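Heads up, the thing below is written out as structure tokens.
Nothing here was measured: the structure is a model prediction, and the numbers come from that model. For the numbers below, each heavy atom of this structure counts, side chains included, while hydrogens, waters and symmetry mates do not.
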Amino acid sequence: AVLTSAAAEHGSRIVQATSLGAEDMVLTDLIARWHLPIAIGTLDTGMLHAETLALLSRLQAHYGLPVRVMQPPRETVLQFVARSGERAMFESIELRKACCALRKLEPLGRLLDGKSAWVTGLRREQSGQRAEVPFSEREANGRLKLNPLADWTWGDVWHYIADNDVPYNPLHDQFF
């Protein structure tokens, strides 16, 4: 109900920001199943596993939906790596935050540009920091952030995937 009403309210100004994780694949399935006019976008940080990149192709083939892939500016990444090294994110908290800002936050900002709402797979059960994740929240910039699976358990996610033949990343089978 949250997705259908948001799609009706926001029209072409709503996007699902998918990490291609199990939760996000459930949301993509719901968007496709209900024929909702919600765009789908993902971030290619340049550090994704081959299995994750292959899932992107499988998702597009399975659902027949386009997925907008956002990448960080290549030259900026090259400069960061030259300055901080290939494994910068493992060297310090400061470098991890800089890497995240470059590879995730900047492309996400472009994905959300011009959008009045976005959909995420955040769940309360995922971590202590997410224990209070609301179903929806208004961001400081006025954009609506929707977390329709906020109260789902890990078991709920996998039950849905199994029942609905949802494609998922095989890395989950290896406990990633």
Side-chain angles (χ1 to χ4, degrees), residues 1-10 13-71 89 96 99-100 103-105 107-109 111-112 115-139 143-176:
V2 172
L3 287 178
T4 54
S5 62
E9 178 184 344
H10 295 276
R13 296 174 308 125
I14 185 171
V15 63
Q16 177 200 6
T18 177
S19 68
L20 304 171
E23 296 87 352
D24 287 321
M25 293 307 296
V26 167
L27 290 169
T28 300
D29 186 80
L30 291 169
I31 290 166
R33 187 175 303 277
W34 295 341
H35 306 287
L36 299 176
I38 297 174
I40 300 169
T42 193
L43 309 179
D44 179 355
T45 62
M47 304 287 286
L48 299 178
H49 293 95
E51 294 88 343
T52 305
L53 293 171
L55 177 59
L56 178 58
S57 298
R58 287 189 11 245
L59 177 160
Q60 292 172 314
H62 185 83
Y63 296 110
L65 295 173
V67 178
R68 186 171 180 202
V69 179
M70 305 301 292
Q71 298 174 317
M89 67 179 280
R96 180 178 301 131
C99 184
C100 184
R103 292 182 186 268
K104 293 181 180 178
L105 298 180
L108 178 62
L111 177 67
L112 299 179
K115 302 298 183 189
S116 58
W118 62 306
V119 181
T120 80
L122 295 179
R123 295 181 304 107
R124 294 176 189 143
E125 186 188 72
Q126 287 172 321
S127 72
Q129 292 177 320
R130 294 182 178 172
E132 302 296 320
V133 166
F135 286 104
S136 67
E137 58 190 304
R138 212 38 94 174
E139 296 179 320
R143 185 182 297 120
L144 183 63
K145 182 178 181 182
L146 300 167
N147 310 302
L149 305 182
D151 65 349
W152 281 41
T153 67
W154 192 232
D156 294 334
V157 169
W158 285 99
H159 182 80
Y160 184 93
I161 287 172
D163 279 358
N164 294 282
D165 195 30
V166 176
Y168 66 90
N169 194 326
L171 290 174
H172 287 296
D173 295 334
Q174 298 172 35
F175 303 104
F176 269 70

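Panel note: side chain T42, backbone T18; a donor-acceptor pair is recorded below 3.5 Å. Between the R143 side chain and the L112 main chain, a donor and an acceptor come within less than 3.5 Å of each other. Here the side chain of R123 pairs a donor or acceptor atom with the backbone of W152 at under 3.5 angstrom. In this structure, the side chain of D29 does not engage the main chain of V26 through any donor-acceptor pair within 3.5 Å.
Of all heavy-atom pairs between Y63 and A32, the closest is CD2-CB, 3.4 Å. Taking each heavy atom of H172 and A22 in turn, the nearest pair found is NE2-N, 3.5 Å. Minimum interatomic distance between V15 and G41 (heavy atoms only, all atoms of both residues): CG2-N, 3.9 Å. For N169 against E51, the heavy-atom pair with the smallest separation is OD1-CB, 3.5 Å. Nearest approach of Q60 to V67, heavy atoms of both residues: NE2-N, 3.2 Å. Closest non-hydrogen pair, Q126 versus E23, comes out as NE2-OE2, 3.2 Å.
To the nearest 0.5 Å, atom OG1 of residue T120 and atom CG of residue D24 are 7.0 Å apart. Here the straight-line distance linking atom CD1 of I38 with atom CG of L146 works out to 8.0 Å at 0.5 Å rounding. Atoms NZ and OG, on K145 and S136 in that order, are 11.5 Å from each other to the nearest 0.5 Å. Within the model, atoms CZ of R68 and CG of L43 stand 11.0 Å from one another, a figure rounded to the nearest 0.5 Å. Of the inter-residue distances, the one linking L20 atom CG with L59 atom CG reads 6.5 Å to the nearest 0.5 angstrom. With rounding to the nearest 0.5 angstrom, the CE atom of M25 is 11.5 Å from the OH atom of Y168.
In this structure, the side-chain contact (heavy atoms from CB on, under 4.5 Å) partners of H159, at least two apart in sequence or on a different chain, are D163. Considering only residues two or more places apart in sequence or on other chains, H49 meets the ring-ring contact (aromatic ring centres under 6.0 Å, His included) condition with F176. D151 meets the side chain to side chain donor-acceptor pair (under 3.5 Å) test with no other residue; sequence neighbours excluded.
Residues L56 and T52 are not in side-chain contact: their nearest non-hydrogen atoms beyond the backbone lie 4.5 Å or more apart. Inter-residue side-chain proximity for L27 and L3 is flagged as met; some heavy-atom pair is nearer than 4.5 Å.
Counted within 6.0 Å of NZ on K104, heavy atoms from surrounding residues, nucleotides or ligands total 12 or fewer; the atom is thus considered open.
Ring planes of W158 and W154: perpendicular class, angle over 60° (limits at 30 and 60°).
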When you look at R124 and N147, which way does the side chain to side chain contact (heavy atoms under 4.5 Å, CB included) test go after all the steps? CA-CA 10 Å; R124 294 176 189 143; N147 310 302; over 6 Å; no
Check step by step if side chain to side chain contact (heavy atoms under 4.5 Å, CB included) holds for L149 and Y160. CA-CA 12 Å; L149 305 182; Y160 184 93; over 6 Å; no
